[in-house]
Number of protein chains: 2
Amino acid sequence: MSTTKMKTSARAVGKTRASAAGRARSAEILRVAAKMFFKHGYAGASIDAIIAEAGGSKRDIYGEFGGKEGLFAAIVRDNLNTALGTLASGMDESKSLQETLFDFGIGLAEVLSTPTGLNLYRIIVSEGVRFPALAKLFYDSGPGLVANKLAEVLEQRKRAKEIDVADCHAAADQFVGMIRGNLHLAVILRIRPAPRPDELQAFVSKAVATLLHGIVSTRKA
Amino acid sequence: MSTTKMKTSARAVGKTRASAAGRARSAEILRVAAKMFFKHGYAGASIDAIIAEAGGSKRDIYGEFGGKEGLFAAIVRDNLNTALGTLASGMDESKSLQETLFDFGIGLAEVLSTPTGLNLYRIIVSEGVRFPALAKLFYDSGPGLVANKLAEVLEQRKRAKEIDVADCHAAADQFVGMIRGNLHLAVILRIRPAPRPDELQAFVSKAVATLLHGIVSTRKA
DNA sequence: CCCTCTTGGTACTACCCCGTACCAGTGTGC
DNA sequence: GCACACTGGTACGGGGTAGTACCAAGAGGG
């Protein structure tokens with residue numbers, strides 16, 4: 001792509017915006033609409049209220065996103081990308097398994113504690129049934145992908161005889177489940193505030209210890 | 001108050017129902033309303049639609065439950081009680097720790113896989129922010145209580161030197177998290193069907209193994 | 001200077017919903 | 001046979017929403 005512009009014919013269809021002002025407007029709509037959808041839910045959010053706060057006209061929404069459903073889908077995809085972006089840091093082969101798990105768990109727990117992560121989880125659980133494609137996208141590129149990546153790491157360590165477990169994928173799911181446990185649920189339900197960094201580190205550290213050694217044997221190293 | 005009856009003047013206020021037909025009507029309203037709320041969400045469920053299917057008049061709802069919010073609260077409490085009822089089976093002291101954990105995990109996983117459990121979880125995550133009292137009730141008598149009971153069991157076993165872990169409550173949360181992990185999320189999102197009994201048993205069995213011995217050491221017993 | 005295209009803003013249509021009020025039919029105690 | 005409370009059903013008022021249509025103002029090229 002020499003230029004960032006799309007085909008000019010696309011404008012005739014009214015699907016995309018070309019002008020800089022149009023792109024800025026779209027971004028503002030996405031920002032305000034996300035706030036509304038996350039705060040009031042899909043049914044409770046109102047197109048009129050979104051436009052009243054974001055400025056512009058309803059045509060900006062219906063031309064760019066096709067309607068309320070399209071706007072909702074765009075918001076889910078957008079926030080999913082921002083959440084996954086902060087999680088993208090790769091695996092370091094040189095680190096010990098304990099360190100690797102700790103870093104992995106911290107990254108996951110941080111994303112889950114983010115306002116974006118919390119809101120996304122809430123809205124997907126709420127509306128996933130009515131938007132199966134979005135639910136699958138969320139799962140496959142979120143919790144499912146994370147577990148798959150962790151399972152690969154565990155497989156490597158298993159081949160290196162560092163660990164001895166039959167089902168690495170189950171173990172990965174177990175670790176993800178420990179991180180997204182009652183603490184996460186309590187934060188989701190606003191029963192307690194999001195954990196401080198030191199709380200998070202202690203929490204993840206305990207999860208790593210249990211995953212590695214369990215609660216029966218005395219810690220070895 | 002010598003008898004268990006409430007003041008007869010209560011009927012004048014229109015708060016309670018006395019007749020058998022009234023109680024049957026209330027039960028039917030609860031049943032249909034639960035279906036509607038679970039299917040369409042709080043905002044999407046309509047009082048008119050509920051009455052159209054349950055029969056009777058809107059006055060039956062406004063007299064008995066006070067309004068839409070009261071009806072919703074009644075439904076959450078009702079379904080929470082049914083879900084907890086199936087979970088109430090007590091701890092058996094004579095069983096081994098492994099057996100105890102397995103039974104515990106199976107009970108929890110079964111409740112979570114129930115339509116009632118799935119719907120309740122979904123609706124509480126959706127609407128918990130708007131109904132803080134219900135969210136707290138759900139957490140305290142559901143996931144929170146379960147974790148507390150399990151933590152007590154672990155404390156006993158710790159005093160008996162069966163296990164060696166610093167934070168029993170964290171370990172209980174970890175186990176609950178493993179049970180309510182990606183599998184549960186996938187079922188919630190309708191990405192996969194509820195697990196069959198044999199799948200559930202294998203799943204819980206692996207979680208018990210990891211909790212007890214971790215993935216590093218070779219299984220000992 | 002004029003014309004056209006874009007865009008912000010508003011009006012409108014056709015619904016839907018909560019909560020209350022009213023009306024007609026029914027069964028029961030007397 | 002009768003008065004009465006109860007109940008099912010319907011109508012209404014006030015408000016709100018999604019989506020479409022329309023209008024007026026401004027920008028920019030010729």
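Proteins come first, then strands; the chains are lettered A, B, ... in the order of their sequence lines, and each starts at number 1. Computation of the quantities below employed the complete heavy-atom set of this structure, encompassing side-chain atoms and omitting hydrogens, waters and symmetry-equivalent molecules.
- Sorted by first and then second residue, the side chain to side chain donor-acceptor pair (under 3.5 Å) pairs with a member in residues 177-191 of chain A read A:R180-B:N182, A:N182-B:D173, A:N182-B:R180; sequence neighbours excluded.
- Remark: A:E53 engages A:K35 in a salt bridge, criterion side-chain N to carboxylate O under 4.0 Å.
- Atom pair A:E28:CD and C:dT7:P shows a separation of 17 Å (rounding to whole Å applied).
- Listed here is the closest heavy atom pair of B:V204 and B:A109: CG2-CB, 4.1 Å.
- The existence of a salt bridge linking B:R196 and B:E199 is confirmed by a sub-4.0 Å separation between a basic side-chain nitrogen and an acidic carboxylate oxygen.
- Nucleotide D:dC6 holds its C1' atom 15 Å from the CD atom of B:E64, rounded to whole Å.
- Between the CZ atom of B:F72 and the P atom of C:dC18 there is a distance of 14 Å, rounded to whole Å.
- Side-chain rings of A:F72 and A:F65 stay apart, their centers remaining 6.0 Å or farther from each other.
- C:dG9 atom C1' lies 17 Å from atom CD of A:E53, rounded to whole Å.
- Legend: side chain to side chain donor-acceptor pair (under 3.5 Å) pairs involving residues 101-124 of chain B, not counting sequence neighbours, sorted by first then second residue: A:Y121-B:Y121, B:K95-B:D103, B:N119-B:R122.
- Residue pairs satisfying the side chain to side chain donor-acceptor pair (under 3.5 Å) criterion with at least one member in residues 67-85 of chain A, sequence neighbours excluded, are absent.
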Look for any protein N or O under 3.5 Å of an N or O in nucleotides 21-26 of chain C and output each such pair with its distance, or none.
none

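- Going from atom CD1 of A:I50 over to atom C1' of C:dG9 covers 17 Å, rounded to whole Å.
- Atom NE2 in A:H40 sits about 14 Å away from atom C1' in D:dG16, given to the nearest Å.
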Atom pairs, protein N/O to nucleotides 15-17 of chain C N/O, distance under 3.5 Å:
none

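- Note: OH (B:Y62) to P (D:dG8) measures 16 Å, nearest angstrom.
- When every heavy atom of B:A54 is checked against every heavy atom of B:V32, the shortest pair comes out as CB-CG2, 3.9 Å.
- Residue pairs meeting the salt bridge (charged side-chain N to carboxylate O under 4.0 Å, His left out) criterion with at least one partner in residues 130-146 of chain A, sequence neighbours excluded, are A:E127-A:R130, A:K136-A:D140.
- Taking atom CD1 of A:I61 as the reference point, atom P of C:dG9 lies 13 Å away to the nearest angstrom.
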